[in-house]
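Heads up: the structure comes next, in structure tokens.
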Amino acid sequence: MRSIAIANQKGGVGKTTTAVTLAHALAQLGRSVVLVDLDAQGNAASCFGLAPTPGLYRLLLGLAPLEDLLVETRPSLWLLASDASTAKLKTILAAELYRETILARALRLIEADFVIIDTGPSRDLLHDNAHHAVTEVIVPVGVDHLALIGVAQELETLKVVREHGHPVEVTAILPTFWDATTIESSVNLRTLVETFGDLVLPAVPRTTRLREAPALGRTLWEHLPENHPATQAYARLTRRVLDGR
Ligand code: ADP
Ligand code: MG
């Protein structure tokens, strides 16, 4: 099994969109995928046209077994959802022993090919738990503004996690919200490539049709044409994950 977190301590950079799109891509290619939502906004469920539910809360507090909480949202794709209750976990779990590995231990029994974890925007206990529950991280970066700060913070956090003995590597940095009409987009993208080289994948363009997809409960693959640049960028991300190229 492979485990991948989608993380960047900034909000609104395309984390949830990337998590949902990648999870559905892998499922469509016949892999079994569990998508775990770690954000109290519960957006992952909404992206599939479902209401947010307290799946993560109930799992981590031992209120129900994992198999009762996973919802099959698409063939081969199961969601462990979040809702506002997730915010309470940070304080409830703060006093637990080995509190950074609570999620890793709760997900241990999963037999899927992939576990994809969508994280929230803050550096908190749930974020620490995400890092300890995976061995790979994908960092989406909005190139529309101050792109480097979020990546630098995320990489710094990963370094600390590694220094504490948990092996976790960056699989890809995915530039998002690329806008060909702004100089800022080009400058930020160039800086990213100069700094991080081959880790940086082709950018996902800012796309109105992608923004409207969650409101319709559709994923990118159900709402955008195959030849759309955003579709191609996410197909490229999927190839990086599957082939390492
Ligand atoms: P995060 O999870 O990092 O907060 P989201 O994936 O929720 O970011 O994206 C923030 C908002 O931008 C959402 O409304 C989403 O639908 C929209 N969005 C994501 N990617 C794009 C894109 N490439 N172009 C336009 N809108 C996007
Ligand atoms: Mg999100």
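Position 1 is the first residue of the sequence; numbering continues from there. Everything quoted here is computed from the prediction, not taken from an experiment. Atoms within each ligand, like the ligands themselves, are counted from 1 in listed order.
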### Message
For atom 25 (C) of ligand 1, what is the closest protein heavy atom, and at what distance to 0.1 Å?
### Response
Thr207 O, 3.1 Å
### Query
Going by distance only, is there an N or O of Pro205 that falls short of 3.5 Å from an N or O of ligand 1?
yes
### Message
I'd like to know whether Arg2 forms a side chain to side chain contact (heavy atoms under 4.5 Å, CB included) with Val241, so could you lay out the CA-CA distance, the side-chain angles of the two residues, the decisive distance to 0.1 Å, and finally the verdict.
### Response
CA-CA 10 Å; Arg2 284 176 59 191; Val241 168; 3.8 Å; yes
### Message
Looking only at distances, can you tell me whether any N or O atom of Asn43, backbone or side chain, sits closer than 3.5 Å to an N or O atom of ligand 1?
### Response
no
### Message
As a check for students: among Lys15, Gln9, Arg211, Gln41, identify the option with a heavy atom nearest to atom 1 (P) of ligand 1.
### Response
Lys15
### Task
Please write down residue, atom name and distance for the protein heavy atom closest to atom 18 (N) of ligand 1.
Phe177 CZ, 3.5 Å
### Contact check: Gly12 vs ligand 1, nitrogen or oxygen atoms, below 3.5 angstrom
yes
### Task
Classify the ring geometry between His166 and His132 as parallel (under 30°), tilted (30 to 60°) or perpendicular (over 60°).
tilted
### Message
To check your reading of the model: name the closest protein heavy atom to atom 7 (O) of ligand 1, its residue, and the distance in Å.
### Response
Thr16 CB, 3.9 Å
### Query
Can you tell me if Thr157 and Gln9 form a side-chain donor-acceptor pair at under 3.5 Å?
yes
### Query
Under 3.5 Å, is there a donor-acceptor pair linking the side chains of Ser185 and Thr182?
yes
### Query
Between Lys10 and ligand 1, is there a nitrogen or oxygen pair with a distance under 3.5 Å?
no
### Task
Answer yes or no for Thr176: is there a heavy-atom contact with ligand 1 below 4.0 Å?
no
### Query
Is the shortest N/O to N/O distance between Thr17 and ligand 1 below 3.5 Å?
yes
### Message
Tell me whether Thr208 has any N or O atom under 3.5 angstrom from an N or O of ligand 1.
### Response
no
### Task
Record the part of Ala213 in heavy-atom contact with ligand 1 below 4.0 Å; permitted values are side chain, backbone, both and neither.
neither
### Query
Under 3.5 Å, N or O to N or O, is Val13 touching ligand 1 that way?
yes
#### Entry: Donor + acceptor pair across side chains of Thr17, Tyr234 (<3.5 Å)
no
### Query
So, Thr16 and the Mg ion (ligand 2): N/O/S under 2.8 Å, yes or no?
yes
### Query
Does Gly14 reach ligand 1 with a nitrogen or oxygen that is under 3.5 Å from one of the ligand's nitrogen or oxygen atoms?
yes
